[in-house]
Amino acid sequence: MKKLTAILLAALMLCMLFSGCQLSRQLGEESGAETEESGESGEDAVDPEVYDDVCATVGGQDFTVADVDFIYAQCFQRVYSSLYSSYGDSISYILDLTKPLDEQTYSGDLTWDDYLTQYTLYSLKSIMSLINDAAAQGYTYSDTMAETVATQKTSLASAAVQSGMTEEEYLAEYYGPGATMEVFERMTTLIVEASEYSSYREGTFDLTDEEIRATYEADKNLYDTVSFRFAFFSGEPVEEESEATSEAESEVTSEAASEAESEAVSEETVDPVLMAEAEEEANTLAATAKTEEDFVAAIVANASEEDKEYYESDEASLIEDLAYDDIPDTFSGWLFADHVYGDTTVIESDTGYYVFFFLSRNTPDYTTVNVRHILFKPETDESGVASDQNWADAEAKAEAALAEFESGDQTEEAFAAIATEQSEDDGSKENGGLYENVYQGQMVTAFEDWCYDEAREPGNTDIIKSTYGYHVMYFVGEGENYLTAYLGDQMAEDRYNDWMSGLIDTVESTTNDNLSYIGNIL
């Protein structure tokens with residue numbers, strides 16, 4: 001889980017640091033191109049003095065139109081950068097730089113301008129809640145804070161030069177018409193102060209190992225996951241069964257589906273005779289399936305010929321590592337009760353019957369592993385496909401590396417030296433192929449299965465094949481406990497977020513009609 005406020009503040013600072021890079025140039029190029037085509041700005045003239053007028057009061061602090069516009073611009077740049085990283089040039093279908101933000105739909109009746117205005121005000125509340133709390137707690141800011149602000153000013157000057165503008169022109173172009181160096185320094189100082197205090201408060205929520213275990217024991221459902229198989233027997237007419245089955249499968253992993261379950265279909269779509277047959281089939285499967293293989297075989301046997309291939313695949317019935325909050329209440333109660341492998345149950349829904357086959361409850365209270373490896377990748381063609389010969393060549397290299405190790409000292413240091421010299425894994429090559437505290441689910445299946453084999457002992461070696469290539473493995477030994485090493489951070493973040501949410505809720509904010517002048521960046 002991420003610390004929302006910390007991420008937000010860091011993002012605002014990042015936007016300031018890189019505002020003169022590709023994003024800002026792209027904003028300028030596209031909006032500038034439209035202006036040149038039309039020959040006019042298309043905007044009504046605004047009295048420059050309005051940017052010095054107060055438009056919002058947040059946490060007892062007055063903010064001018066220019067102040068709020070400054071935060072608005074950074075929020076916009078953060079949102080745009082995030083969208084661009086996901087959608088690339090197709091972003092124009094979501095957020096078009098050539099059109100006013102108040103004419104583009106964000107969601108429902110909300111425009112992009114509406115959303116960004118809300119985002120801006122929330123950002124200001126986050127900032128002021130931290131600054132006010134810092135004052136109330138008598139917090140003393142570090143000596144480096146002024147240096148951080150100075151760095152931001154240097155970055156601004158550099159960005160302006162890169163864009164071929166003066167600092168004043170650059171500020172007006174990318175942070176709103178009323179942006180000045182005074183506004184920049186004032187708002188930057190607030191952000192830096194809030195960010196520093198946020199980091200300090202995060203550290204106050206760290207837990208000891210004993211506190212972590214106590215928190216986990218108090219509510220294991222928050223941190224455990226479950227793995228299971230399921231089947232659905234529909235009580236709807238045959239012509240609607242395919243669609244109903246699809247809806248049923250998504251229902252298992254959708255909380256929203258659970259809430260809407262009673263309204264999903266009307267009683268007229270369910271045939272009482274088919275429901276009775278579905279119940280009988282479900283009960284039969286639950287009573288006779290003793291292994292996963294039995295369960296899958298029964299599902300396949302009941303499937304139509306055209307669906308058999310699909311139901312033979314794991315994706316048809318297997319759900320792994322699903323969290324409690326991701327399971328509808330209809331099912332979570334049973335799945336998170338005390339069970340052993342092979343336990344089954346039948347649960348009725350409005351449209352049929354579910355059968356669940358319990359596989360495991362997965363706890364975070366386990367020991368991670370430390371391992372070294374030497375990776376040899378098969379060469380691929382232009383389309384990324386490796387030939388059988390290239391796979392064989394990679395395997396031969398792996399065998400040669402293992403033979404070299406076995407003919408020498410057979411120590412961890414000797415293995416590390418070979419890894420540094422030969423491995424094709426850039427992520428671990430310089431570290432002698434070492435991966436520490438490897439947790440379950442971190443690596444590809446073949447890699448993880450070898451590491452977590454119950455018979456594994458320090459010094460064990462082997463060669464395994466994965467989608468990446470051939471790995472020469474060396475088991476170093478046990479690492480840290482996952483619960484205390486990793487989930488402790490999550491628990492601390494949960495506490496911080498709860499504290500931060502409460503803090504933000506106490507901040508009062510008001511706006512006036514001058515707020516309508518913000519957001520003129522396109």
Side-chain angles (χ1 to χ4, degrees), residues 2 4 6-43 68-123 152 155-167 169-177 179 184 191 377 379-386 426-427 467-468 518-522:
K2 296 180 178 178
L4 177 59
I7 296 296
L8 170 64
L9 294 171
L12 292 178
M13 292 181 68
L14 192 65
C15 284
M16 287 190 290
L17 282 169
F18 295 101
S19 57
C21 297
Q22 182 177 1
L23 169 61
S24 293
R25 288 197 296 272
Q26 186 173 2
L27 292 174
E29 289 167 2
E30 296 199 21
S31 61
E34 184 183 15
T35 301
E36 289 175 6
E37 290 176 6
S38 64
E40 301 177 1
S41 65
E43 299 176 3
V68 178
D69 226 9
F70 181 86
I71 301 298
Y72 183 103
Q74 291 187 59
C75 289
F76 171 79
Q77 291 184 25
R78 183 195 177 201
V79 168
Y80 189 87
S81 294
S82 177
L83 289 173
Y84 192 83
S85 66
S86 298
Y87 300 101
D89 293 337
S90 298
I91 190 177
S92 60
Y93 293 102
I94 303 170
L95 183 54
D96 191 342
L97 299 183
T98 66
K99 299 178 181 178
L101 293 169
D102 58 3
E103 295 179 8
Q104 301 184 60
T105 300
Y106 169 74
S107 177
D109 295 331
L110 207 66
T111 67
W112 271 106
D113 178 62
D114 295 331
Y115 167 73
L116 287 166
T117 299
Q118 292 177 9
Y119 187 7
T120 298
L121 293 175
Y122 177 83
S123 299
Q152 300 286 350
S155 298
L156 170 70
S158 176
V161 170
Q162 292 179 32
S163 300
M165 303 178 185
T166 65
E167 292 178 10
E169 290 171 339
Y170 185 87
L171 284 167
E173 181 73 18
Y174 297 118
Y175 292 104
F184 180 87
I191 293 172
K377 300 177 182 179
E379 293 186 10
T380 59
D381 57 24
E382 294 180 354
S383 61
V385 176
D426 294 335
T467 53
Y468 291 102
I518 71 168
N520 297 315
I521 58 175
L522 292 185

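Here the closest non-hydrogen pair linking Leu110 and Gln118 is CD1-NE2, 3.6 Å. Here the closest non-hydrogen pair linking Met165 and Glu173 is CE-CG, 3.9 Å.
Screening Phe76, Tyr106, Tyr122 against Tyr115 for a ring-ring contact (aromatic ring centres under 6.0 Å, His included) leaves a single residue, Tyr106.
Remark: side-chain polar atoms of Glu167 are not paired, donor with acceptor, to backbone N or O of Leu156 under 3.5 angstrom. Judged purely by atom type and a 3.5 angstrom limit, Glu169 uses its side chain to pair as donor or acceptor with the backbone of Thr166. Between the side chain of Asp381 and the backbone N or O of Ala386, no donor-acceptor pair lies under 3.5 Å.
With sequence neighbours excluded, the residues that form a side chain to side chain donor-acceptor pair (under 3.5 Å) with Thr111 are Asp114. Annotation: side chain to side chain donor-acceptor pair (under 3.5 Å) contacts of Asp426 (sequence neighbours excluded): none. With sequence neighbours left out, the ring-ring contact (aromatic ring centres under 6.0 Å, His included) criterion links Tyr468 to no other residue.
Atom CG of Asp102 sits about 14.0 Å away from atom CH2 of Trp112, to the nearest 0.5 Å. Between the CG atom of Leu116 and the CG atom of Leu121 there is a distance of 11.0 Å, given to the nearest 0.5 Å. The line from CD1 of Ile518 to CD1 of Ile71 is 10.5 Å long, rounded to the nearest 0.5 Å. With rounding to the nearest 0.5 angstrom, the OG atom of Ser85 is 11.0 Å from the OH atom of Tyr80. The CG atom of Asp113 sits 9.0 Å away from the OG1 atom of Thr120 when rounded to the nearest 0.5 Å. Here OH of Tyr170 is found 5.5 Å from OH of Tyr175. Values are rounded to the nearest 0.5 Å.
Considering only heavy atoms from C-beta on, Ile191 comes within 4.5 Å of Gln74 through its side chain. Within the 4.5 Å cutoff, the side chain of Asp89 has heavy atoms near those of the Tyr84 side chain.
Within 6.0 Å of CG in Asp109 there are 12 or fewer heavy atoms belonging to other residues, nucleotides or ligands.
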Go through it in stages, so that I can follow the logic: the residues are Leu101 and Leu95, the test is side chain to side chain contact (heavy atoms under 4.5 Å, CB included), and I'd like the CA-CA distance, side-chain angles, deciding distance and then a yes or no. CA-CA 8 Å; Leu101 293 169; Leu95 183 54; 3.5 Å; yes

